[in-house]
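These notes concern the structure reproduced below.
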Amino acid sequence: MDYETKRRALAVSNLAISGALAVYYIAKKKEENAAKAQKHKRSSTWVNPYLQERRIKGRYAASFENMTQTPKVFAENFHMSEANFNYLFSLVEPFLQPKKNSRPDAIPLKAKLCVVLEMLASGSLQRHVASSYRISKQHMGVTIDLVCDAICAGLSGEFPKWTKQNLYVPKVLAAQTKLAELQTFRGRYQDYPKYVRNNVMEYVNSPTGSVSWQDEAAGV
């Protein structure tokens, strides 16, 4: 075999080896990418088993309908009647609708209103109420913001605009005084929400803090 024949044979051999290595590299890369995608899919779709039973054992699924059968219990938990709750829901529902298609296991819109109203009415810790509804702490924070914004938007047309005739300076000064009192609280951290709620309740029901239309709006 002359030199030229040997050179060509060596070139062909090197080309075959390079091709085999290239095929192996591509196959290995595809395998690694598939493994990464599978791992990401598992991590992104994993849900705590406790939370997975929300639609069966969560407080909304297990207790809400029962509470509607006992008006006193319903009022104790939400500080309003079922009729007022349903009216409020009709106002805020358009603002709670998801912008994208929701997942099959998404939190029902009425359940979102329930969990936030119960937290605000009871003064309980956020994580305790979220746990009873089987909602994660991450979703609970987002839900609170969403529902509070929806309530502000839904009730924006229910209250009169402030004017020089109904915006009284004494009321503003009294509110500032009440705020200063709230900042002097001394006690357990978990008792502060109840302290704030009780002070605000006393203020808005006092001659100084009340407005002429509030009793009618509340159905009193």
Side-chain angles (χ1 to χ4, degrees), residues 39-156 158 179 182-183 185 187-201 204 218:
K39 182 179 179 181
H40 176 73
K41 183 178 180 179
R42 287 198 302 268
S43 62
S44 61
T45 57
W46 183 88
V47 179
N48 188 319
Y50 178 80
L51 303 179
Q52 287 180 338
E53 296 184 316
R54 178 192 306 129
R55 289 183 173 270
I56 302 174
K57 298 182 179 180
R59 181 166 171 76
Y60 176 75
S63 303
F64 183 77
E65 289 299 327
N66 291 333
M67 286 191 288
T68 61
Q69 304 303 317
T70 311
K72 182 179 179 181
V73 174
F74 192 95
E76 287 175 351
N77 284 275
F78 300 107
H79 284 198
M80 64 178 66
S81 66
E82 183 190 359
N84 285 339
F85 177 92
N86 290 331
Y87 175 64
L88 177 61
F89 180 69
S90 69
L91 294 177
V92 303
E93 185 179 10
F95 303 99
L96 296 178
Q97 295 289 346
K99 296 181 180 179
K100 300 180 180 179
N101 293 332
S102 59
R103 293 169 39 176
D105 61 343
I107 304 170
L109 301 184
K110 187 170 284 190
K112 292 182 178 182
L113 180 61
C114 282
V115 66
V116 174
L117 287 182
E118 185 164 355
M119 186 200 71
L120 296 175
S122 66
S124 299
L125 292 178
Q126 173 180 325
R127 62 184 179 87
H128 288 166
V129 180
S131 179
S132 68
Y133 279 80
R134 297 186 181 240
I135 297 175
S136 67
K137 60 182 181 181
Q138 294 85 354
H139 279 90
M140 184 63 178
V142 174
T143 301
I144 292 173
D145 289 343
L146 176 66
V147 172
C148 288
D149 288 343
I151 290 175
C152 290
L155 295 179
S156 60
E158 297 293 311
L179 178 62
L182 294 178
Q183 295 172 346
F185 173 76
R188 298 188 305 171
Y189 174 77
Q190 56 266 39
D191 292 336
Y192 184 69
K194 293 182 180 179
Y195 174 76
V196 173
R197 182 195 64 191
N198 292 337
N199 275 272
V200 172
M201 178 183 67
V204 298

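Counting begins at 1 with the first residue of the sequence.
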Report task. Apply side-chain contact (heavy atoms from CB on, under 4.5 Å) to N86 and list each qualifying residue two or more places apart in sequence or on a separate chain. Result ->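 Per chain and number, N86 pairs via side-chain contact (heavy atoms from CB on, under 4.5 Å) with E82, K110.
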State the [atom1]-[atom2] distance between [X] and [Y], to the nearest 0.5 angstrom.
X   : Y    : atom1 : atom2 : answer
N84 : H79  : CG    : NE2   : 13.5 Å
Y60 : L113 : OH    : CG    : 9.5 Å
N77 : L117 : CG    : CG    : 11.0 Å

Mind listing the closest non-hydrogen atom pair of [X] and [Y] along with its distance?
X    : Y    : answer
I107 : A111 : CG2-CB, 4.0 Å
Q126 : K137 : NE2-O, 4.1 Å
L146 : F95  : CD1-O, 3.9 Å
F78  : C114 : CE2-O, 3.4 Å

Query raised in the report: How are the rings of F64 and F85 set relative to one another: parallel (under 30°), tilted (30 to 60°) or perpendicular (over 60°)?
Result: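 F64 and F85: tilted rings.
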**Report entry** Any donor-acceptor N/O pair, S131 side chain to H128 backbone, under 3.5 Å
**Finding:** no
Query - ring-ring contact (aromatic ring centres under 6.0 Å, His included) against Y133, all qualifying residues, sequence neighbours excluded - result: none
Query - Evaluation steps, side chain to side chain contact (heavy atoms under 4.5 Å, CB included), between V129 and I135 - result: CA-CA 9 Å; V129 180; I135 297 175; over 6 Å; no
Query - Minimum side-chain heavy-atom gap T143-M119 below 4.5 Å - result: no
Query - side-chain contact (heavy atoms from CB on, under 4.5 Å) partner of V147, the single match among L120, V92, V142, L96 - result: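 Considering L120, V92, V142, L96, a side-chain contact (heavy atoms from CB on, under 4.5 Å) with V147 is found only for L96.
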